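Contents: one structure, followed by commentary.
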Amino acid sequence: MSYQPKIANLVGFLAENHHALQQRTASADTLRIADEFIVILQRDIADATTLLGELLQVYPHDKTGLEPDVVAKTAQALRLLGDLGRFVCRESELVECGLDQLENGQRAA
């Protein structure tokens, strides 16, 4: 069974290393770990978005009185997932550039 870090740790790692990723000074280990964390985050975001969509499909649409609250909270969760997805996408681009730079540097050496 593989280790599954908590999402806060994944996002925290990317945030803590953002400057190094942006400045292209991240170590090879940091780039590889960030790349793995990005894959996990992308999968988790897709799964959570799918789950929220399915929840909205099966949620009882009768007069329970909870519809506005459920829809508002679901919309808030979807906005949060969207923000997280955009952050992960930007970090992914930085990691890919860093990995390309690392690979090209190793070939030149």
Side-chain angles (χ1 to χ4, degrees):
M1 181 184 216
S2 66
Y3 171 68
Q4 179 69 29
K6 293 182 180 178
I7 193 167
N9 295 343
L10 302 174
V11 174
F13 180 86
L14 292 175
E16 287 171 7
N17 290 285
H18 175 76
H19 185 73
L21 293 171
Q22 195 172 40
Q23 298 299 315
R24 309 274 195 277
T25 58
S27 70
D29 287 340
T30 298
L31 289 167
R32 288 185 187 103
I33 292 168
D35 193 44
E36 290 178 22
F37 283 5
I38 286 167
V39 169
I40 294 168
L41 282 166
Q42 288 171 332
R43 185 193 64 226
D44 287 352
I45 291 167
D47 290 348
T49 304
T50 300
L51 179 66
L52 287 171
E54 290 172 359
L55 172 68
L56 286 176
Q57 281 184 323
V58 299
Y59 188 78
H61 296 286
D62 55 2
K63 305 246 185 227
T64 63
L66 298 174
E67 291 87 357
D69 191 42
V70 169
V71 170
K73 289 189 183 329
T74 303
Q76 183 179 14
L78 287 169
R79 280 192 298 277
L80 178 62
L81 286 169
D83 289 345
L84 181 58
R86 284 185 287 280
F87 169 74
V88 170
C89 183
R90 286 191 303 269
E91 296 305 294
S92 177
E93 291 170 0
L94 295 175
V95 169
E96 287 302 316
C97 287
L99 288 171
D100 287 347
Q101 180 182 7
L102 180 67
E103 185 177 311
N104 292 332
Q106 286 178 345
R107 283 186 190 161

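Any value given below was found using the heavy atoms of this structure, including those in side chains, with hydrogens, waters and symmetry copies removed. Nothing here was measured: the structure is a model prediction, and the numbers come from that model.
- Between Leu41 and Leu14 the shortest side-chain heavy-atom distance falls below 4.5 Å.
- Considering CD of Gln42 and CG of Leu10, their distance stands at 11.5 Å, rounded to 0.5 Å.
- Proximity of Asp35 to Glu96: side-chain heavy atoms (C-beta onward) are separated by under 4.5 Å at one or more points.
- Hydrophobic clustering keeps Leu51 apart from Leu84 (ILVMFWY residues linked when any side-chain heavy atoms are closer than 4.5 Å, directly or through intermediates).
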Derivation of the side-chain contact (heavy atoms from CB on, under 4.5 Å) call for Leu31 and Arg24: CA-CA 10 Å; Leu31 289 167; Arg24 309 274 195 277; over 6 Å; no

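- Atom NE2 of His19 and atom CG of Asn17 lie 11.0 Å apart (nearest 0.5 Å).
- Two residues are said to be in side-chain contact when any heavy atoms from C-beta on lie closer than 4.5 Å; His18 and Leu94 meet this criterion.
- For the pair Arg32/Leu102, a side-chain contact is recorded, criterion being any heavy-atom separation below 4.5 Å from C-beta on.
- Considering CD of Gln22 and CZ of Arg90, their distance stands at 10.0 Å, rounded to 0.5 Å.
- Judged purely by atom type and a 3.5 angstrom limit, Thr50 uses its side chain to pair as donor or acceptor with the backbone of Ala46.
- In this structure, Val39 is not a member of the same hydrophobic cluster as Ile33, with clusters built from ILVMFWY side-chain heavy atoms closer than 4.5 Å.
- The structure places OG1 of Thr49 at 11.0 Å from CD of Glu54, a figure rounded to the nearest 0.5 Å.
- Here Asp83 pairs with Arg86 in a salt bridge; the nearest charged N to carboxylate O distance falls below 4.0 Å.
- A distance of 13.0 Å separates NZ in Lys73 from CG in Leu55, rounded to the nearest 0.5 Å.
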side-chain contact (heavy atoms from CB on, under 4.5 Å) between Ser92 and Val95, worked out: CA-CA 5 Å; Ser92 177; Val95 169; 5.7 Å; no

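- The side-chain heavy atoms of Leu52 and Leu81, taken from C-beta on, include a pair separated by under 4.5 Å.
- Ring-plane geometry between Phe37 and Phe13 is classed as perpendicular, the angle between the planes exceeding 60 degrees on a 0 to 90 degree scale with a lower cut at 30.
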